[in-house]
Amino acid sequence: MNSKHIKIWQTVQAIPLGKVACYGQVADLAGLPGRARLVGKALGAVPKNGWRGAKVPWYRVVNSQGKISFAPGSEHFNRQRDLLQDEQVVVIGARIKLPTFQWQPDLAELLFILEG
DNA sequence: CGTATGACGCATT
DNA sequence: TAATGCGCCATAC
């Protein structure tokens with residue numbers, strides 16, 4: 001874990017229930033443009049109990065095509081799909097309709113992230 | 001120190 | 001819509 005991971009976790013915590021964000025989008029918001037892969041790394045390193053008492057909704061992060069990035073049918077894939085569906089996010093196969101479910105932070109949310 | 005490998009993204013075909 | 005190729009960068013060896 002390092003400061004970049006922490007910034008990424010804070011950004012992911014801002015994704016509202018029922019919405020998703022892309023790896024690249026999270027990277028940009030976290031002040032790490034072009035580093036989508038690092039977001040994947042950071043999410044893989046999320047403490048199981050959450051961070052500083054708060055859960056990190058890692059499952060709300062998908063790739064730029066709106067697809068879950070784990071191998072279809074894998075344990076990880078199924079867990080992410082189930083958690084999303086529990087939040088009323090519609091998952092068809094591995095795909096989520098971004099025009100409907102992608103998070104679009106307003107100015108207040110952007111400022112909040114920059115504070116952290 | 002070079003190489004390979006990823007929970008990625010984008011342009012091109 | 002799908003498949004490639006290339007850029008990206010932290011890690012592992």
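To find a chain, count down the sequence lines: A is the first, B the second, and so on, and within it residues start at 1.
- For A:Arg95 and C:dA2, the shortest distance from a side-chain N or O to OP1 or OP2 is below 4.0 Å.
- Listed for the A:Glu87 side chain is no donor-acceptor partner under 3.5 Å among the backbone atoms of A:Leu17.
- Of the possible donor and acceptor atoms, one in the side chain of A:Glu109 sits under 3.5 Å from a partner among the backbone N and O of A:Asp106.
- Distance, A:Leu43 CG to C:dC9 P: 18 Å, rounded to whole Å.
- The nearest whole Å value for the distance from the CG atom in A:Asn2 to the P atom in C:dT11 is 6 Å.
- Atom NE2 of A:His5 and atom P of C:dT11 are 6 Å apart (whole Å).
- Within the structure, every side-chain polar atom (N or O) of A:Ser69 is placed at least 4.0 Å from both OP1 and OP2 of B:dA7.
- Distance from the side chain of A:Arg35 is smallest to C:dC9 among B:dA7, C:dC9, B:dC10.
- With A:Glu115 contributing its side chain and A:Phe112 its backbone, the two residues share no donor-acceptor pair below 3.5 Å.
- Spacing between atom NZ of A:Lys4 and atom C1' of C:dC8 amounts to 13 Å, rounded to whole angstrom units.
- Across all strands shown, A:Arg79 has no heavy atoms under 4.0 Å from either base or sugar-phosphate atoms.
- Within the 3.5 Å criterion, the main-chain N or O of A:Ala42 finds a donor-acceptor partner in the side chain of A:Trp9.
- Comparing the P positions of C:dC13 and B:dA7 gives an interatomic distance of 15 Å, to the nearest angstrom.
- The distance from atom CD1 of A:Ile68 to atom C1' of B:dA7 is 11 Å, rounded to the nearest whole Å.
- If you take CD of A:Gln65 and P of C:dA3, they are 10 Å apart, rounded to a whole angstrom.
- The distance from atom CG of A:Asp28 to atom C1' of B:dC10 is 13 Å, rounded to the nearest whole Å.
- For the pair A:Arg37 CZ and C:dA10 P, the interatomic distance rounds to 12 Å; values are reported in whole Å.
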